[in-house]
Protein chains: 2
Amino acid sequence: MNAAPASARNDKPAVVAAAMRVLADSGLPGLSMRRIADELDIQVSALYWHFPNKQALLAAVSAEIVGAGSAAGEMDAVARALRDRLLMFPDGAEIVSSSLALGLLELPARDDLATAAQAVGLDAAAAEVAADTVVHYVIGCTFHEQQRVHAAIVGAADASVDMTPAGIGTRPDGFEAGLAMVVAGVRAAAGAKK
Amino acid sequence: MNAAPASARNDKPAVVAAAMRVLADSGLPGLSMRRIADELDIQVSALYWHFPNKQALLAAVSAEIVGAGSAAGEMDAVARALRDRLLMFPDGAEIVSSSLALGLLELPARDDLATAAQAVGLDAAAAEVAADTVVHYVIGCTFHEQQRVHAAIVGAADASVDMTPAGIGTRPDGFEAGLAMVVAGVRAAAGAKK
DNA sequence: ACCTGAACACCGTTCAAGT
DNA sequence: ACCTGAACACCGTTCAAGT
């Protein structure tokens, strides 16, 4: 066994792990600094020794959600893999979207998508645009779907909410159909280039 | 002149107008029920006579942002018009995105996009998918861009923030290039159908 | 029909101080 | 290196009561 410390104190990864647990069973609305601190049986203020602010902690959570490893493959495969990771945690898309926009997160899938786009015939600049476009589509679509889940939960508690408004993407296979169109657009851009 | 009421009390549109003013000069983080109440010189609790909760008020704000009128035209024109409206207010894309996902907002541009997609050769079902895909792209891209503006403001105040991380869509013309790809994808889907 | 006043149960963040 | 305890300046929402 490794030398156990006298008092069991927490390090950065332990704080992130606690945050993942809170996220998993309470979602983003429940992911407060106080709830995370409670999970670790420490005071809220102690969290600020590990992270300068909540956004930084959320960025670490985001990195955990999207994972570290690069996965090669065709564009749709990479897109589906990204989506699957976002779906693993409640509000995953929203958290990642915000960290990404704030410039606090590296997205491995973005490089994978750019590589796949180049393999299909795009030059470097166009491949970046293609990667960003696919990322926006995947995150936008998944974000929307996950918020809808949340609305459904609230709606179940409060039956007065109309649960079938004329909205976007009610059926889950909308993702696949839309993705096919986006990928077809990338291929078309490659074809036009030649 | 129309008969002025003895005491100048507020109706629903007045509350929304106040909210738009607060949004315009403080953004979404500043758009609290208390700030809106202050803008009208009333108590916070008075707002709950007009709207059941903050989300409902935000939905009314969203409707104001996206506008009421349907605008016919090609897909890219409709997409650009939607984007322009989202850009008219700080965090416009985020607010609209959330109202949309919660099923609290009708988006006129969605119907316009579906119509345009049918005009290009898609059947009704595929046209809906195409419309949703374009909407997701426009909102995702604009949301990202607007969050980046906000990050830049925070970054300007706190110079320790790295302002040029390897992120998505730093250049504004990324929107046009990505939109072209998405629209090309829709056209490709129409071509394949024939 | 529209508003007040007060309360409840929360937030993120800071800071001096402890070990 | 990691945490406590207390405070500050906020939140959204509810409710009885007023006019």
Side-chain angles (χ1 to χ4, degrees), chain A residues 2-19 22-23 26-61 91 94-95 98-99 102 104 150-151 154 157-158 160-161, chain B residues 2-19 22-23 26-61 91 94-95 98-99 102 104 150-151 154 157-158 160-161:
Chain A
N2 37 9
S7 56
R9 298 187 120 168
N10 304 290
D11 54 358
K12 224 157 159 171
V15 172
V16 175
V22 173
L23 173 61
S26 302
L28 186 55
L31 192 59
S32 70
M33 298 298 269
R34 277 168 171 87
R35 275 281 273 111
I36 299 168
D38 280 357
E39 182 76 20
L40 292 165
D41 266 306
I42 58 176
Q43 297 296 119
V44 212
S45 50
L47 294 177
Y48 288 84
W49 190 88
H50 299 282
F51 294 94
N53 50 50
K54 193 186 182 182
Q55 269 301 342
L57 206 167
L58 251 33
V61 167
D91 306 309
E94 183 169 2
I95 297 169
S98 145
S99 296
L102 261 26
L104 301 172
H150 180 250
V154 173
D158 173 9
S160 77
V161 174
Chain B
N2 37 9
S7 56
R9 299 186 120 165
N10 304 288
D11 53 0
K12 223 156 158 171
V15 172
V16 175
V22 173
L23 174 60
S26 303
L28 186 54
L31 192 59
S32 70
M33 298 298 269
R34 277 168 171 88
R35 276 281 272 110
I36 298 168
D38 280 358
E39 181 76 18
L40 292 166
D41 266 305
I42 58 176
Q43 296 296 117
V44 211
S45 48
L47 295 176
Y48 289 84
W49 190 90
H50 300 280
F51 294 95
N53 50 51
K54 193 186 181 180
Q55 268 302 340
L57 206 166
L58 252 33
V61 167
D91 305 309
E94 183 170 3
I95 296 169
S98 147
S99 296
L102 260 25
L104 301 173
H150 180 250
V154 173
D158 173 7
S160 76
V161 174

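Scope of the values below: all heavy atoms of this structure, side chains included, with no hydrogens, waters or symmetry mates. Here is the naming used below: chain letters follow the sequence lines, and residue numbers restart at 1 for every chain.
Here the side chain of D11(A) pairs a donor or acceptor atom with the backbone of A14(A) at under 3.5 angstrom. Judged by distance alone, with hydrogens and angles left aside, the side-chain atoms of D91(B) form no donor-acceptor pair with the main-chain N or O of G27(B) at under 3.5 Å. Counting only distance, with no hydrogens or angles, the side chain of S98(A) and the backbone of E94(A) share no donor-acceptor pair below 3.5 Å.
Of the candidate nucleotides dA1(D), dC11(C), dT13(D), dT13(D) has the atom nearest to the side chain of N53(B). When distances are taken from the side chain of R9(A) to each of dC2(D), dC11(C), dT13(C), the shortest belongs to dC2(D). Set against dG5(C), dT4(D), dT13(D), the side chain of S45(B) has dG5(C) as its closest nucleotide.
For F51(A) and dC2(D), the CZ to C1' distance is 14 Å, given to the nearest whole Å. Going from atom CD of Q43(A) over to atom P of dG5(D) covers 6 Å, rounded to whole Å. Atom CE in M33(A) sits about 20 Å away from atom P in dA9(D), given to the nearest Å. Following rounding to the nearest Å, I36(A) (CD1) and dC11(C) (C1') show an atom-to-atom distance of 13 Å. Atom C1' of nucleotide dA1(C) and atom CD1 of I42(B) are separated by 13 Å, given to the nearest angstrom. When the P atom of dA9(C) is taken as reference, atom CZ of R35(A) falls 18 Å away, rounded to whole Å. Counting to the nearest Å, the P atom of dG18(C) and the CH2 atom of W49(A) are 20 Å from each other. When rounded to the nearest whole Å, the span between CG of L31(B) and C1' of dC10(D) equals 15 Å.
Across all strands shown, dA16(D) is found opposite dT4(C) as a Watson-Crick or G-U wobble partner, with both distances under 3.5 Å. Searching all strands for a Watson-Crick or G-U wobble partner of dC10(D) with both distances below 3.5 Å returns nothing.
Closest of all the heavy-atom pairs between P29(A) and S26(A) is CD-O, 4.2 Å. A pairwise comparison of heavy atoms in M33(A) and L47(A) identifies O-CD1, 3.2 Å as the closest pair.
Not one side-chain nitrogen or oxygen of N10(B) sits closer than 4.0 Å to the OP1 or OP2 atom of dC2(C). Regarding contacts with the backbone of dC3(C), a side-chain N or O of H50(B) is found under 4.0 angstrom from either OP1 or OP2.
For the pair L47(A) and R34(A), nearest-nucleotide mapping onto DNA chain D gives the more 5' position to L47(A).
Only the P atoms considered, dC2(D) is 22 Å distant from dA17(C), to the nearest whole Å. Between the C1' atoms of dC3(C) and dA16(D), the separation comes to 13 Å (whole Å).
For S32(A) against dG12(C), no side-chain N or O and base N or O form a donor-acceptor pair under 3.5 Å.
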